Amino acid sequence: MRNKLATKLLFELSEPGRRGAVFPHSDVPNRSLDELMPPDQLMSDPLELPELSEPEIVRHYDNLSTLNMSVDTHFYPLGSCTMKYNPKRHERLASLAGLADLHPYQVEEDLQGILQILYEMQEMLAEISGLSAVSLQPAAGAHGELTALLVAAAFFRDRGESRSKVLFPSSAHGTNPASAATAGFDCVQLQGNKQGRVDLDELQSHLDGQTAVFMITNPNTLGLFECEIAEICRLMHDVGGLVYVDGANLNAILGITRPGDFGADMMHFNVHKTFTGPHGAGGPGAGPIAVRADLADYLPAPVIAKTQRPTVTRYHLETPQQSIGRIRGFLCNVGILLRGYCYLRTLGAKGLCDVSENAVLNANYLKATLKDVLPVPHGELCMHEFVASAQNLQEERGISAMDIAKRLLDYGFHAPTVYFPLVVPEAMMIEPTETESKETLDAFGDAIHEIVREDAEFLHNAPYHTPISRPNDVQAARKPILRWTRPLNQ
Amino acid sequence: MRNKLATKLLFELSEPGRRGAVFPHSDVPNRSLDELMPPDQLMSDPLELPELSEPEIVRHYDNLSTLNMSVDTHFYPLGSCTMKYNPKRHERLASLAGLADLHPYQVEEDLQGILQILYEMQEMLAEISGLSAVSLQPAAGAHGELTALLVAAAFFRDRGESRSKVLFPSSAHGTNPASAATAGFDCVQLQGNKQGRVDLDELQSHLDGQTAVFMITNPNTLGLFECEIAEICRLMHDVGGLVYVDGANLNAILGITRPGDFGADMMHFNVHKTFTGPHGAGGPGAGPIAVRADLADYLPAPVIAKTQRPTVTRYHLETPQQSIGRIRGFLCNVGILLRGYCYLRTLGAKGLCDVSENAVLNANYLKATLKDVLPVPHGELCMHEFVASAQNLQEERGISAMDIAKRLLDYGFHAPTVYFPLVVPEAMMIEPTETESKETLDAFGDAIHEIVREDAEFLHNAPYHTPISRPNDVQAARKPILRWTRPLNQ
Amino acid sequence: MAYLFNTAKQQRAMLQTIGVDSISDLFNQVPEQLRLKRPLDLPPPLSEIELEAHLRECAGRNVGGSSRACMQGGGVYDHFIPAVVDEIASRGEFYTAYTPYQAEASQGSLQAFFEYQTLICQLTGMDVSNASLYEGGTSVSEAALMAMRATQRREKIVILGSVHPEYREVVETYLSHLDCEIVVVSTPEGTVDLANVEAALDDRTACLIVQQPNFFGCLEDACRLTDIAHRYGALSVVSFDPISLGLLKRPGDFGADIAVAEGQPLGIPMQYGGPFLGILACRQNFVRQMPGRLIGQTIDRNGERCFVLNLQAREQHIRREKATSNICTNQGLLALRATVYLALLGKVGLKEVAELCCRKAHYAAEQLSTIDGVELMFDRPFFKEFSLRIRNGKLDEVLRNARCDGFDLGPTLRHFQSFATQFGKASEEGVLVAVTEKRTRDDIDRLVRSLRKSVLGL
Amino acid sequence: MAYLFNTAKQQRAMLQTIGVDSISDLFNQVPEQLRLKRPLDLPPPLSEIELEAHLRECAGRNVGGSSRACMQGGGVYDHFIPAVVDEIASRGEFYTAYTPYQAEASQGSLQAFFEYQTLICQLTGMDVSNASLYEGGTSVSEAALMAMRATQRREKIVILGSVHPEYREVVETYLSHLDCEIVVVSTPEGTVDLANVEAALDDRTACLIVQQPNFFGCLEDACRLTDIAHRYGALSVVSFDPISLGLLKRPGDFGADIAVAEGQPLGIPMQYGGPFLGILACRQNFVRQMPGRLIGQTIDRNGERCFVLNLQAREQHIRREKATSNICTNQGLLALRATVYLALLGKVGLKEVAELCCRKAHYAAEQLSTIDGVELMFDRPFFKEFSLRIRNGKLDEVLRNARCDGFDLGPTLRHFQSFATQFGKASEEGVLVAVTEKRTRDDIDRLVRSLRKSVLGL
Ligand SMILES: Cc1ncc(COP(=O)(O)O)c(C=O)c1O
Ligand SMILES: Cc1ncc(COP(=O)(O)O)c(C=O)c1O
């Protein structure tokens, strides 16, 4: 039933002379362009763009879309990604006139509604984090990390301290070291203990006057809560350093415990994960950060402030006193934050607790149903996700984590994250999220049990029922083809 | 990659205690319902409806949708159905506030915008038909037929004539006789001539004082223009009868020739075919009718009228003098007519001509590329569609029209209409429409050529790559299961 | 041109394959003298930008439910439409598919409509539902015709005066060519007097048509009315409000034979009158008399469950003039909307909505009646809608001011000619008010203030 | 709760399988003393009806481009967005998918992004495009960092004063911890004086950053500027307006090394500042220095063409602190919008849009300049945007009245502190005006009347 014609490349569907969008005729005097602009600035050749009609563009992309798995269509237990349901009401509301059609340079009096929403968003994020001040500017988690590290750098600079080291566990997400490097810090990676958590002795051995920030994901990427987090924070603070919490795994602890309460000084939120801004096949996200009170002055410009007079409340943009400056053009990823706002307003305090409780319940349930075939090396119980290992299967039957992942696609399930974190051999990092039913978890469990009974050889060639079979990554890297080019004979 | 869990029946996914939509708490005094309404009118048992959560409903229907072929995703050359592209701008515009949110009983002064649109729609349809007056009320083509026949009946009644017979060719669509019967007429079916057109002698032999209406589709369902239409109309008029044109095939003659000009007295439009109101998997449609001047007074109530004063133009609803009455609740299928309006305003006069020219070009081209394997018994050239015959294939190779139709699905094409009209053995009625590219037509032609080379046995069991294989219609009819019922053991 | 593909070059290649010289040669079947010799006289084409500007300009000259609180009723209601309904109904695979004739390529639509049929059965307590008719009025008419076929009584039907006046008119039109007497039993007290119904029925009567809640919002004694109809061998046809079945007894519960409805309240925008959804469900023994499409379950060659169009021998494309109805294109996409709506609300949600409407309507009625010169027109139980009487010739002013204050009420009873005879002068003073779950107490209180001001002439 | 599935009964069954008694047992890793002992202090939950009412109320307190003609510029423009763009971007399969790590289950996204990369190359004349960055400002910054890596010059970059002031600030922030001098060449005449650029560059300079058309709407001599940069071994980084490339020479045509842009004009709603689209393309030899994701073409085991994430060894999840950037989540869905937009406009459409903008902007500039006390701030060629000077302290009044008359202009130059030094008093009187294809001559004429009235003090 697949329409193979429609999924050729756009450029192969192009036909000289075809038209898609049509525009009005000019209703102003039709002066020659050469009169309006310097001829030598004008392009000489016609544009290189393809020529297609509207119907074929729709058919092309509608067909392409069906080659994807997505949360809307499939269980998508990608660890560390929190692939939860994206409420449809958010899409409707974020596109309302009066929200989607606002220009960033309008006067504040014409923006009181949106500024109020964003202000309230700051307040809610502060409450959830247990920290005092929020910047909505960062465009994603990594951007939040970078921003917070620049805040930390400014803070230390102001105090005349030059601290060069950022520490993080080996299970940290790649953005942690990458952001630290971008912010100009040296990276120190900690091995961690057997339980998969931070080793206090190891940590202590790295602490000194050069230590700037400890970046910690809590729960960590093994799905374990860093139960010594309070001690960790104390140690950091003792040497004058700051603790940064990577909030990617916040879905496990909403309303249960707060980074600010367990000692963190800064953190980011992944609104596109925890608060359902959809992932958009890669983005956009929103990575607001929260910081403790004495770091607030360093936040990037602008933040949203509120002035309350007896009769009127007004919202406006403000530049913090010691601001690190701008970290992006314009305000923030408003559209995604709006979705996050809708989510928080829909759930409320009790609802957020329910989210975390059910996220953790679902993860532990799935872990329990899989433990006979995919044991989890670290931790009796997990938080919102767990990292199972296919090492036994690999050694005994020659079935790798990759084999299982690929074969799951045939069964109609997206694969978990595989081979991350690196501390677990043949890792399968599974995060079901709270918006999946027991029935789905059971079906997924059954599929895994069936798969591990299948022939290893057969599995090496899986998947069989997907639009393509396994791609040749090596060839891709060896001679990269990063764009279509017209075949020579055309 | 198919998600089989998600496409179980809604009722099988239901789980006691689950919630989808959540509503506000009551903000008015919470009096007991027994106080508000007679207890014996209240239901005693809980509702029988299923219990599902929002995410699983989305996943269920998104997955179901991908089991369909559709114009958005596939070439859909269903004869007589005019499966052309449905512009996306129509969906956006028909849902604008100020259009989608209007209540039918608002006062006319709050409806001037929509009334103007509908008035203009009446005017444009009149111009396209070459007839004077239009009723937008009918909900679909068949409803239009019925309405027009009731208009005719009232017209004859008024003149003291009692005419009982409605005539139509054997190739007429089933709704023609069904509508005639519903309107209380006797049906007379004409065989037609060898060329697939109306036989004037045969027609004449049925004409008398009892003859009320001749219903004719032009171009007819064989895709041929009834070239003697003027003579046909004259003959009908000579005996005092009326000619009704079934406008389902209007896509062939927009701006080329007009029913009113070739002698028709009444006609309907299928806005959901010719003017791209999408088909909605079965509906809704809109089947406005146009009639000649002296039938205007009989049109159903209300029509939209315009009063022009020097300073103001006002639009309002009016009941024609001799109106047959109402033929539906409320005004008309406004949402579909809006889409039709957008279409006509986008194309204009020249654009409509282009539509018909290209519809006819595409049909003839496809006919030409297929003629070696699927000859067309009637007509050298066709209009917007043609009826090919698989009779040779059937006799020589045992390959039926049905086999080809089913196998086309595997190739990623929707099947043509098969076994209609009945006058062609092993009929395949193919209407490509103007919004398909030469490339698509070529690919479709290639697919048919490949198919007819395949093994007949193999074809009898096609399709192979669709969500289901051939269904057992006999079993369905023998013991109809028309709803889900809870299995006995639950 | 926006939606055309083939370039001049391609057209030439195609003409060559066909073997003609020009496109106009393709039209040689159309006699020269019948050709239109001038361009159609239509407005000039608009680009997408211009079209959108034009439509927005027109929309701006209407005042709809997004800018005013819609408290209008009369069969169309401003219920809330969850975003999920829009999302699913805007899947191209659904809305750009044709009627699911080709089962192998239409399981999505077929299963959704099978689910629709089941949900309607669950909602109404009936045995079978078809896959949709045009809208409420034609559904009542098809039900009347169906009853006549099923009972073989073709001379008479009885319909209450409290049935939607437009629906009654449609029935009249549909039956106009038949020698069938249509007896209307008037309802001067807001609901019918059972004795009058008894008097109207006889053993030639095909059916009794009742609307519940009726047009004035009042609850008829649908159960006793059904019993009376059955006593004369007539079928009981009940036109219901789908939302009301979150609270009220179902037509199937009290023995109705055919249940019909306007399905607009089930997730369908008001859009100035359509497209809407005609619901028709009945008892098992009438299934072969049903109009319209039916989806059935069966198995495919691999023994897998699947869905197909079923019992097509009732339909026009097979049975032609003997078909149970002339309907072909139905209201599939609206049936899909209703399906998603009912699935989303489910067992508990529909009840909640019904309760909210009921409570808020009663609060509104109570508060409005405290105004001097404003009273409930009928002393009868109601569900979400009621008839208000505004005395002393103030009706126009009240409605005008209410609009200024942001409220749309209506329709007025005088909008319908047939009420003048039923109610005399009172019909000049009556207006319907409907209250959905979207209205807040604050809305209602502001409406009350608006009316009070108008009536006091402030 | 709205988005949760499992009922109390199911939860119990699940706990039993896990082998614990209660959900709270699952949290035993979280030390008791760290637990929040009170509920979060958040506003109470809202149902969908209430949420929608709330959002509509908030939206109603903003005045956006649907109710006023938006003639604002400064990097974000009110271009028309064809409905097809919305339709495709709202396919659940696209917007609810993750980054396409699992190629077999993500060919839809992968192919679309491969098409995006190609379209950006075609648009810019560059060799390679990545799959998106956050937005314009961070793209300029990433380009600067990339230039420093590519040239191994880490001490100095030169940037024109006519580059978007916010983007310049972002570059400053991104480079704040590096010992890198950022030389700003000021542009008091609206465009830069080439001699001043020449003076600023030296052989320690990593790159010269130019915006074309620049922030004031004026056209820089981007070609000569590129040549000058190259003369000093510096890379030429050009920040362009994608719509302008329907008319202007492409960065690739005049030899730019890195081309960056804010992609918002390509079918992305203004939404008060984001999410937008960071475009970054470069010449082939810099591909391994590129930040962000790249999609590559390859074949699968059956030899069929397919698409995968490629050259991931540049990225944070492989290379960690050695990565070319820390970016992970990018702006995929916006890249999809831009892809559909460019496909839909194509070769001819983009040119038409550019011409319309250009013609209308020139008409507006001409007409506005006829007003006494209103003049073009710079005597320089421009494309679709220009800086207007309103003399005699009338700027505020002019803008206020324009808003009342339905027009939004801006931003004002004084909104940006950095202009005070560049332009002195003139910066108090300057305002940007942008004219897109959506504006009609009638809009422009009404705007002219509005300004004339304000200036004359009527
Ligand atoms: C643990 C962790 N930290 C940080 C990030 C980076 O966040 P983003 O992708 O929003 O930049 C991710 C995202 O994948 C993550 O899983
Ligand atoms: C020739 C012809 N006449 C009439 C009709 C009936 O129109 P509708 O389905 O809109 O009722 C059709 C539709 O299939 C048709 O093809």
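Below, read A as the first sequence line, B as the second, and so on, with proteins coming before strands; counting in each chain starts at 1. Treat the numbers as computed from the prediction; the structure is a model and nothing was measured.
Of the listed residues D:R56, D:E315, D:Q33, the one with more heavy-atom pairs under 4.5 angstrom with chain A than any other is D:R56. Per-residue heavy-atom pair counts under 4.5 Å with chain A were compared for D:Y134, D:F113, D:F307, D:F383, and the maximum is reached by D:Y134. Among the candidates D:L178, D:D78, D:L51, D:L311, the residue making the largest number of heavy-atom pairs closer than 4.5 Å to chain A is D:L51. Among the candidates D:L333, D:T99, D:D300, the residue making the largest number of heavy-atom pairs closer than 4.5 Å to chain A is D:D300. Of the listed residues (D:I23, D:N302, D:T138, D:D41), the one with the most heavy-atom contacts under 4.5 Å to chain A is D:D41. Comparing D:A13, D:A59, D:S325 by heavy-atom pairs within less than 4.5 Å of chain A, the highest count is held by D:A59.
Looking at A:E127 and A:R258, a side-chain N of the basic residue comes within less than 4.0 Å of a carboxylate O on the acidic one, giving a salt bridge.
Proximity to chain A (any heavy atom under 4.5 Å) is restricted, for D:R403, to the side chain, taken from C-beta onward. Contact of A:E120 with chain D is not made at all, since no heavy-atom distance falls under 4.5 Å. Of the two parts of A:A477, the backbone and the side chain both hold a non-hydrogen atom closer than 4.5 Å to a non-hydrogen atom of chain D. Of the two parts of D:Y363, only the side chain, counted from C-beta on, holds a non-hydrogen atom closer than 4.5 Å to a non-hydrogen atom of chain A. Of the atoms belonging to A:L381, heavy atoms from both backbone and side chain fall under 4.5 Å from chain D. Heavy atoms closer than 4.5 Å to chain D are found in both the backbone and the side chain of A:H173. The parts of A:I327 that come within reach of chain D are both its backbone and its side chain, each placing non-hydrogen atoms under 4.5 angstrom from that chain. Interface remark: A:I117 contributes side-chain atoms only to the contact with chain D (heavy atom separation under 4.5 Å). Only the backbone of A:A183 has a heavy atom closer than 4.5 Å to any heavy atom of chain D. Heavy atoms of D:E352 lying under 4.5 Å from chain A belong exclusively to its side chain. Heavy atoms closer than 4.5 Å to chain D are found in both the backbone and the side chain of A:I128. The contact between A:M124 and chain D is made by backbone and side chain atoms together, counting heavy-atom distances below 4.5 Å. Contacts between A:P300 and chain D at a heavy-atom distance below 4.5 Å are absent for every atom of the residue. For A:I468, the parts lying under 4.5 angstrom from a heavy atom of chain D are both the backbone and the side chain.
Counted by atom type alone, D:S106 and D:S109 present zero donor-acceptor pairs between their side chains at under 3.5 Å. In the model, D:E115 has a side-chain atom that pairs as donor or acceptor with a side-chain atom of D:Q111 under 3.5 Å. Side-chain contact check for A:N472 and D:T298: no donor-acceptor pair (N or O, by modelled atom type) lies under 3.5 Å.
For D:H164, the ring-ring contact (aromatic ring centres under 6.0 Å, His included) criterion is met by A:F330, D:Y167, D:F215, not counting sequence neighbours. Residues passing the side chain to side chain donor-acceptor pair (under 3.5 Å) test with A:R31 are A:E35, D:E366, sequence neighbours excluded.
You'll find the side chain of A:C227 stays beyond 4.5 Å of the side chain of D:V30, heavy atoms only.
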